[in-house]
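We count residues from 1, following the sequence as given.
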Amino acid sequence: MILRNLDPPRLCNGTKMCVTNLRPNTIEAKILNGAGKGDTVNIPRIVHIDEELPFILKRVQFPVRLAFSITINNSQGQTLKVAGIDLRHDCFSHGQLYVAASRVGSPRHLIILSPDGKAKNVILSPSLSVPQNFAAAVVSIEKNFSIQQDGSFCGETNGGE
């Protein structure tokens, strides 16, 4: 995943790539998502100079990171073949849970990790509710989930069945 805006809109922060060749000063990669999907690009090393220290620190590095997972915010607007959602910690902003669950086209391709079988859907006000299609996705993964009046959903897993 690229960490800097190098050539918007093709090479922006969060763009996923597959590395095809490593060279001393560039990385050749194929863009996997976004405006440049399918394009082959060369990512240069970038010079960083830190002048806040009592001495000048100059380092050169590639603006990329190995990404086995991405944040919910980075996944927004993307379509994924399979997605796993780690709910060991609650979502912290309105709509995050829905965004995460709606990245896949089918509930069969969604895996939810929630050891206690519960998660809280953060909502801005009581007048907002969880969309119907989200409930269907959750129910098909964890069979005994239900949506509560406050917008949260809870239930029990079937002991690994």
Side-chain angles (χ1 to χ4, degrees), residues 1-125 128 130-131 133-134 137-138 141-142 150-154 157:
M1 180 185 308
I2 197 149
L3 301 175
R4 301 257 189 266
N5 292 335
L6 294 180
D7 182 21
R10 275 184 354 139
L11 291 175
C12 297
N13 182 16
T15 300
K16 294 185 297 182
M17 301 176 295
C18 179
V19 174
T20 56
N21 195 357
L22 292 173
R23 298 187 184 108
N25 294 308
T26 62
I27 294 175
E28 183 180 291
K30 182 178 180 180
I31 300 174
L32 300 177
N33 69 317
K37 184 176 181 178
D39 293 352
T40 299
V41 294
N42 287 302
I43 309 298
R45 292 198 306 170
I46 295 178
V47 176
H48 297 276
I49 299 174
D50 191 349
E51 298 175 349
E52 295 178 14
L53 300 171
F55 53 89
I56 295 177
L57 176 66
K58 178 181 174 182
R59 59 190 168 125
V60 181
Q61 67 185 39
F62 291 110
V64 296
R65 174 176 291 155
L66 184 60
F68 291 105
S69 62
I70 57 177
T71 65
I72 292 171
N73 290 339
N74 278 345
S75 75
Q76 192 161 359
Q78 296 184 27
T79 301
L80 305 172
K81 291 180 183 176
V82 177
I85 304 171
D86 183 352
L87 294 177
R88 289 178 288 185
H89 302 284
D90 288 338
C91 292
F92 59 87
S93 108
H94 173 73
Q96 271 195 318
L97 191 52
Y98 174 72
V99 167
S102 64
R103 298 304 89 208
V104 295
S106 167
R108 291 185 306 274
H109 300 131
L110 181 63
I111 301 162
I112 299 174
L113 172 61
S114 180
D116 63 357
K118 296 181 180 180
K120 182 171 174 63
N121 185 35
V122 178
I123 56 174
L124 292 177
S125 73
L128 298 175
V130 179
N133 59 348
F134 175 75
V138 174
I141 298 300
E142 301 290 351
D150 65 353
S152 65
F153 65 92
C154 63
T157 61

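Using a 4.5 Å cut-off on side-chain heavy atoms (C-beta onward), Met17 and Leu11 make contact. By the 4.5 Å heavy-atom criterion applied to side chains, Val19 and Ile43 are not counted as neighbours.
The CG atom of Leu97 sits 5.5 Å away from atom CG of Leu87, with the distance rounded to the nearest 0.5 Å. To the nearest 0.5 Å, atoms CG (Asn21) and OG1 (Thr26) are separated by 7.5 Å. Atom-to-atom distance recorded for Ile31:CD1 and Ile2:CD1 is 8.0 Å, nearest 0.5 angstrom.
The side-chain contact (heavy atoms from CB on, under 4.5 Å) search around Pro8 returns Asn5, Cys12, not counting sequence neighbours. Among residues two or more places apart in sequence or in another chain, the side chain to side chain donor-acceptor pair (under 3.5 Å) test is passed with Arg45 by Asn25. Taking the salt bridge (charged side-chain N to carboxylate O under 4.0 Å, His left out) definition, one finds that Arg88 meets it with Asp86, sequence neighbours left out.
Pairs engaging residues 6-31 under the salt bridge (Lys or Arg N to Asp or Glu O under 4.0 Å) rule: Asp7-Arg10, Arg10-Asp39, Arg23-Glu28 [sequence neighbours left out].
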Under 3.5 Å, sequence neighbours excluded: what are the donor-acceptor pairs made by side chains of residues 47-62?
residue : atom : partner : partner atom : Å
Asp50   : OD1  : Glu52   : N            : 3.1
Arg59   : NH1  : Gln61   : OE1          : 3.0

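Listed here is the closest heavy atom pair of Pro44 and Pro63: O-CD, 3.4 Å.
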